[in-house]
Amino acid sequence: SFKSKNRIINFISILLFFTQFFYLYDYVKTKSLRIPSFIDEYITLTSNVNFFKHLNFNAGDFLGGNYSVEITSGPISSLGSVIGWISTENLVIARMANFLWVYILQLIFLVIIIKKFKLEKNFLILFSGFSLILIPWWQGSLYSIGEIPSSILFVNAVILFYRFRKLSLVLFCLSIFYGKILNLVLFGGFYFFVILKEKNVKNILKDFIIFLLTY
């Protein structure tokens, strides 16, 4: 019957999901043990630990103090590593925890998009984990650098823009000011085409207010 087939498909999907997670865990752990130290990792992790502990985005006075130009990744880039480091003070665990944070972030948006756009869930969720390590610079998530988490927010903001405009603008703002400031350039290009398409001053003002309030 149709229900029986669905149950079998769901069971196989769940089994494949946990199999994928096991291999991802092993691969990410191996990478976390082997990759060398990186100055950007120190800057990002230290500044974000201080941010979450003391609300002071400071990686050290020798780097220019708090909110230095050396600090280019915001708090969302290293939420997992901050939790991992504060809990264990183990750099390998902090790296793995940050990849887990990025993975969970992607899964959250996948679930939202699947529900809102009524897409096939099994393939997308199964592909989500491996898609993260297919990105050439994926190891940046182990170093707590903001490219991947901010890109996840940005891409999903683009997808959700015309159906959930307010939520999308909040995501854009988070991806820029709390992820990677360079995303402002991408947002400028995207929003320029929105202005050309809509030619609506009221929408621009409303969007600006939401963007400003989120910031």
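Counting from 1, the numbers follow the sequence of the chain as shown. All values below come from the heavy atoms of this structure, side chains included, with hydrogens, waters and symmetry mates left out.
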Would you check if the distance from the ring center of Phe172 to the ring center of Phe211 is below 6.0 Å? no

Going by an N to O cut-off under 4.0 Å, is there a salt bridge joining Arg165 and Glu198? yes

Are Phe38 and Gln139 side-chain neighbours, meaning at least one heavy-atom pair lies under 4.5 Å? no

Taking the six-membered ring of Phe22 (Phe, Tyr or Trp), confirm whether the NZ or CZ of Lys29 is under 6.0 Å from its centre and within 45° of its axis. no

Can you tell me how the ring of Tyr191 sits relative to the ring of Phe161, calling it parallel under 30°, perpendicular over 60° and tilted otherwise? perpendicular

Would you please indicate yes or no on a ring centroid separation below 6.0 angstrom for Tyr42 and Trp85? no

For the residue pair Ser81 and Glu41, confirm or rule out a side-chain donor-acceptor distance under 3.5 Å. no

Kindly say whether the aromatic ring centers of Tyr23 and Phe130 come within a distance under 6.0 Å. no

Any Val28 side-chain heavy atom under 4.5 Å of Trp138 side chain: yes

Any donor-acceptor N/O pair, Ser168 side chain to Phe164 backbone, under 3.5 Å: no

Ring center gap for Phe154 and Phe190 short of 6.0 angstrom: no

Flag the pair Trp137 / Ile148 as yes when at least one side-chain heavy-atom distance between them is below 4.5 Å, and no otherwise. yes

Decide if atom CZ of Phe117 counts as having more than 12 heavy atoms of other residues, nucleotides or ligands within a radius under 6.0 Å. yes

Side-chain heavy atoms of Arg95 within contact of Leu33, under 4.5 Å: no

